[in-house]
Protein chains: 2
Amino acid sequence: MTRARGLKMTPQRRLIVEYLRGAVNHPTADEVFSAVNEQLPITSRATVYNTLNWLKAAGMIREVFEAGNVRFDPNTTNHHHFVCRACGRIDDVDFDSVGDVAFCALPGRQEIESYDVTLRGLCAACQPVA
Amino acid sequence: MTRARGLKMTPQRRLIVEYLRGAVNHPTADEVFSAVNEQLPITSRATVYNTLNWLKAAGMIREVFEAGNVRFDPNTTNHHHFVCRACGRIDDVDFDSVGDVAFCALPGRQEIESYDVTLRGLCAACQPVA
DNA sequence: TCTAAAATTAGATCTATTCTAAAAACCGTG
DNA sequence: CACGGTTTTTAGAATAGATCTAATTTTAGA
Ligand SMILES: [Mn+2]
Ligand SMILES: [Mn+2]
Ligand SMILES: [Zn+2]
Ligand SMILES: [Zn+2]
């Protein structure tokens, strides 16, 4: 996740990439900004946004949109998501955990290249107490 | 789609609801604002946003997030979406056009209540010319 | 070490949305 | 039909997320 592409390595970029590598919770840009600033307290928002955009363009992270928020996903493998309606957490769901989606009889002449499934419900922690 | 819920009917609300009823393209708030202002040129953004939020709270429209934009969906039936990667259009995909999604072996103890599928690719109009 | 190119910064700007307070419209009642 | 309390609308201010800018600093190769 750290290969350069005509880019220079800097402490800011290193921290952003490291934070994303460990992130399991689809952080927002602001969460990345806060985390990086705990280590390097003068890091600017512009650098965080620029770096996130470059990583995205380089295909090293993805964006996830949920509940009107833009979040970043360091997992670039083909996978799905589970969203808890109570706490809002977004968990990865392995591609193979969901059986092949069979789409047929689509109205137009679309060419389907990929798909993703969003499962919604209550996560384990938000389950009512029996 | 026009039932009141303790709300008064006004020309602005009527136009917003009518526009949404006919909308097939998941309009943004600004597109609703523009369309309504062609008929009633002094309608304010605040009214458009307020009305959209009420309709959403009343379950008469839904929100769709794609490419970082908030869009509104007058189709409240259970359905999926197709997103064209070239032109960005979002088409409804009937729930029955997609075979049942079988999810198994999920990591946690989530309770799945619903799911939706986003199909991605090229729409008919954006298909390369053979 | 030197230097050109690239990156960072603070703050300005832009865009989408919400908030606010005053004016206008609505509608049941007299 | 006019009244008056309540609801709604409006313009513009305020807020939040994201991008842009121009000046300064850093990087990394020679
Ligand atoms: Mn993910
Ligand atoms: Mn739809
Ligand atoms: Zn939860
Ligand atoms: Zn298209």
Side-chain angles (χ1 to χ4, degrees), chain A residues 1-20 25-58 60-73 88 90, chain B residues 2-20 23 25-58 60-73 88 90:
Chain A
M1 196 164 169
T2 42
R3 278 295 51 74
R5 194 133 326 189
L7 306 183
K8 294 181 175 175
M9 186 46 68
T10 64
Q12 292 86 346
R13 286 178 179 169
R14 197 183 324 277
L15 284 169
I16 292 168
V17 167
E18 273 172 19
Y19 175 74
L20 286 170
N25 50 319
H26 304 89
T28 62
D30 208 63
E31 285 165 350
V32 177
F33 173 77
S34 298
V36 169
N37 267 270
E38 281 177 18
Q39 311 279 138
L40 193 62
I42 47 106
T43 307
S44 75
R45 287 196 150 76
T47 294
V48 172
Y49 278 104
N50 284 341
T51 303
L52 289 171
N53 286 338
W54 279 318
L55 291 170
K56 177 175 53 152
M60 295 159 91
I61 60 175
R62 290 188 185 168
E63 278 179 329
V64 177
F65 310 107
E66 192 55 48
N69 296 123
V70 177
R71 298 180 164 274
F72 294 90
D73 193 341
I90 304 177
Chain B
T2 43
R3 280 293 51 73
R5 196 132 324 189
L7 305 183
K8 295 182 176 173
M9 186 46 67
T10 65
Q12 291 87 345
R13 287 177 179 169
R14 195 183 327 276
L15 284 169
I16 292 168
V17 167
E18 272 172 20
Y19 175 73
L20 286 169
N25 52 318
H26 305 88
T28 62
D30 208 61
E31 285 165 350
V32 177
F33 172 77
S34 299
V36 168
N37 268 269
E38 281 177 18
Q39 312 277 139
L40 193 62
I42 46 105
T43 307
S44 74
R45 280 177 205 285
T47 295
V48 172
Y49 278 103
N50 284 339
T51 303
L52 289 171
N53 286 338
W54 279 318
L55 291 170
K56 178 176 50 153
M60 294 159 93
I61 60 175
R62 291 187 185 169
E63 277 179 331
V64 178
F65 310 108
E66 193 55 48
N69 296 123
V70 176
R71 298 179 164 276
F72 294 91
D73 193 341
I90 304 177

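Chain letters run A, B, ... following the sequence lines, proteins first and then strands; every chain starts at 1.
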Inset, instruction - Among the candidates dC20(D), dT18(C), dA7(C), find the nucleotide nearest to the side-chain atoms of K8(A). - result: dA7(C)
Inset, instruction - Rounded to the nearest angstrom, tell me the gap between atom CH2 in W54(B) and atom P in dT7(D). - result: 11 Å
Inset, instruction - Would you indicate which nucleotide in dT8(D), dT10(D), dT17(C) comes nearest to any side-chain atom of T43(B)? - result: dT10(D)
Inset, instruction - Output the distance between atom CD1 (I42(B)) and atom CG (N37(B)), rounded to the nearest 0.5 Å. - result: 8.0 Å
Legend entry - Point-to-point distance, once rounded to the nearest 0.5 Å, from CZ of R14(A) to OG1 of T51(A): 12.5 Å
Legend entry - Whole-Å distance separating the CZ atom of R45(B) from the P atom of dA16(C): 8 Å
Inset, instruction - Give the rounded distance in Å between these two atoms: CG of L52(B) and P of dT17(C). - result: 9 Å
Legend entry - Atom-pair distance (CG on L40(A); C1' on dA10(C)), nearest Å: 15 Å
Inset, instruction - Write down the distance between CZ (F33(B)) and P (dT15(C)), rounded to a whole number of angstrom. - result: 15 Å
Legend entry - N25(B) side, atom CG; F72(B) side, atom CZ - distance, nearest 0.5 Å: 13.5 Å
Legend entry - E31(B) side chain vs T28(B) backbone, donor-acceptor pair below 3.5 Å: yes
Legend entry - Counter-base of dC2(C), judged by Watson-Crick or G-U geometry with both distances under 3.5 Å: dG29(D)
Legend entry - Minimum-distance nucleotide (side-chain atoms of R13(B) versus dT9(D), dT27(D), dG12(D)): dT9(D)
Legend entry - Contact summary for Y49(B) and A29(B), nearest pair of heavy atoms: CE2-CB, 3.5 Å
Inset, instruction - Give a yes/no answer on whether the side chain of Q12(B) brings an N or O atom under 4.0 Å of OP1 or OP2 in dT10(D). - result: yes
Inset, instruction - With heavy atoms under 4.0 Å as the rule, sort N53(B) into base, sugar-phosphate or nothing. - result: sugar-phosphate
Legend entry - K56(B) with E63(B): basic N within carboxylate O range, under 4.0 Å: yes
Inset, instruction - Specify the separation, in whole Å, of atom CG of D30(B) and atom C1' of dT18(C). - result: 15 Å
Inset, instruction - Counting heavy atoms from C-beta on, name the nucleotide in dT10(D), dA7(C), dT9(C) closest to the side chain of I42(B). - result: dT10(D)
Legend entry - Sugar-phosphate, base or nothing in reach of T47(B), heavy atoms under 4.0 Å: base
Legend entry - Per A46(B) side chain, nearest of listed nucleotides dA11(D), dT8(C), dT9(D): dA11(D)
Legend entry - Atom-to-atom span, NZ of K56(B) to C1' of dT17(C) - whole angstrom: 11 Å
Inset, instruction - Determine: side-chain N/O of Y49(A) to OP1/OP2 of dT19(D), distance under 4.0 Å, yes or no. - result: no
Inset, instruction - Among dA7(C), dT10(D), dT19(D), find the nucleotide with the atom closest to the side chain of L7(A). - result: dA7(C)
Inset, instruction - With heavy atoms under 4.0 Å as the rule, sort S44(A) into base, sugar-phosphate or nothing. - result: base
Inset, instruction - Starting from P on dT10(D), measure out to CD1 on I16(B) and report it in whole angstrom. - result: 9 Å
Legend entry - Along DNA chain C (nearest heavy atom to each residue), the more 5'-positioned of N50(B) and N69(B): N69(B)
